[in-house]
Amino acid sequence: MGINLTILGISAALPAYGRNLSAHLLEINGHSLLFDCGEGTQFQLKKFNKNLNRIESIFISHTHGDHFFGLPGLLSSMQMTDRKSAINIYGPKGLEEAIGAILFQSRSEYSFSITFHIINPVSKVEIFANNQYKVFAFPLKHSTETYGYLFEENTPLLNIRKDFIEAFDISIESIKEIKNGSDFVDKYGILHLSKNITKPPRDILSYAYCSDTAFNENIAEWIKGVGLLYHESTYLEIDKEKADNRLHSTAKQAATIAKLANAKQLLLGHFSGRYKALDEFKNEAQEVFENVIIGEDGMEVKL
Ligand SMILES: [Zn+2]
């Protein structure tokens, strides 16, 4: 499965230094999921050549404006491009009322259905599943009700050993069954156990979206072993007091979560407008966790 993440906006609170407000697009075989939708998200989708009508679900972390003010404009543009397919929007209470009021007041009529799924998990909870992947939500620690999300593909199929395929005449149907874990009985009635004829599948691809939050070790438990962890780092340690007061994290704290979670890769973002250069975020994080990416608008990361 090819899964690609595009950062549409990486700034906190205000647009600054060419950095736009929070939004991440995850593309899975032509289907897209959007995580947060800061103001201007639809412009960023256009700028980076992303089709807004491929978005099937939108996951909003919380109702601070920099994380969801882009929704009305995005939905309106979907309507104007004659969208037919339904859209699902996940987020905390208050989201449906806020967006609903704008859509009502603007007398918007929609040719597609918009369904709000209001969530309030107190721990990690599965909120979506299909035959390709699952999405979980879990609480973050912020100044308003805020949730993080974990995307996880379903267990990939087993790989059949090449020497086995060459030695036996296996039907397409049997190949499917073996890849799904079945044993195989050959034409002489001999049983070949799954473990002897297959190799383990590759690692599950996964991505966690954690914005906005103060340092919270529970997150590490909920996303254990994640492939790509996006964790906010609004501040550097030098401004830790601000981070503590506003329930945000520093680069070092984000890196500590990545380490505790045994993540493969850490993507930093939600940078405060007080910092123009971001090199120090990388240095600070790398004192704790080696594999760090500094997010920027338009950056693509393969899961
Ligand atoms: Zn916030």
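Counting begins at 1 with the first residue of the sequence. Atoms within each ligand, like the ligands themselves, are counted from 1 in listed order.
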### Query
So, Asn154 and Lys134: side-chain donor and acceptor under 3.5 Å apart, yes or no?
yes
## Note on the structure
salt bridge (charged side-chain N to carboxylate O under 4.0 Å, His left out) pairs touching residues 13-29, sequence neighbours excluded, are Glu27-Lys50
### Query
How is the hydrophobic cluster of Leu21 composed, in terms of its other members, when Ile, Leu, Val, Met, Phe, Trp and Tyr link through side-chain heavy atoms under 4.5 Å apart, directly or indirectly?
none
### Transitive ILVMFWY cluster of Ile178, excluding itself - 4.5 Å side-chain cut-off
Ile160, Phe164, Ile165, Phe168, Ile170, Ile175, Phe184, Ile197
### Query
Hey, are Lys47 and Asp297 close enough for a salt bridge, meaning a charged N less than 4.0 Å from a carboxylate O?
no
### Message
Do the side chains of Lys252 and Glu287 get close enough for a salt bridge, i.e. N-O under 4.0 angstrom?
### Response
no
### Task
Show all protein N/O/S atoms under 2.8 Å from the Zn ion (ligand 1), or state that there are none.
His62 NE2, His64 ND1, His142 NE2, Asp212 OD2
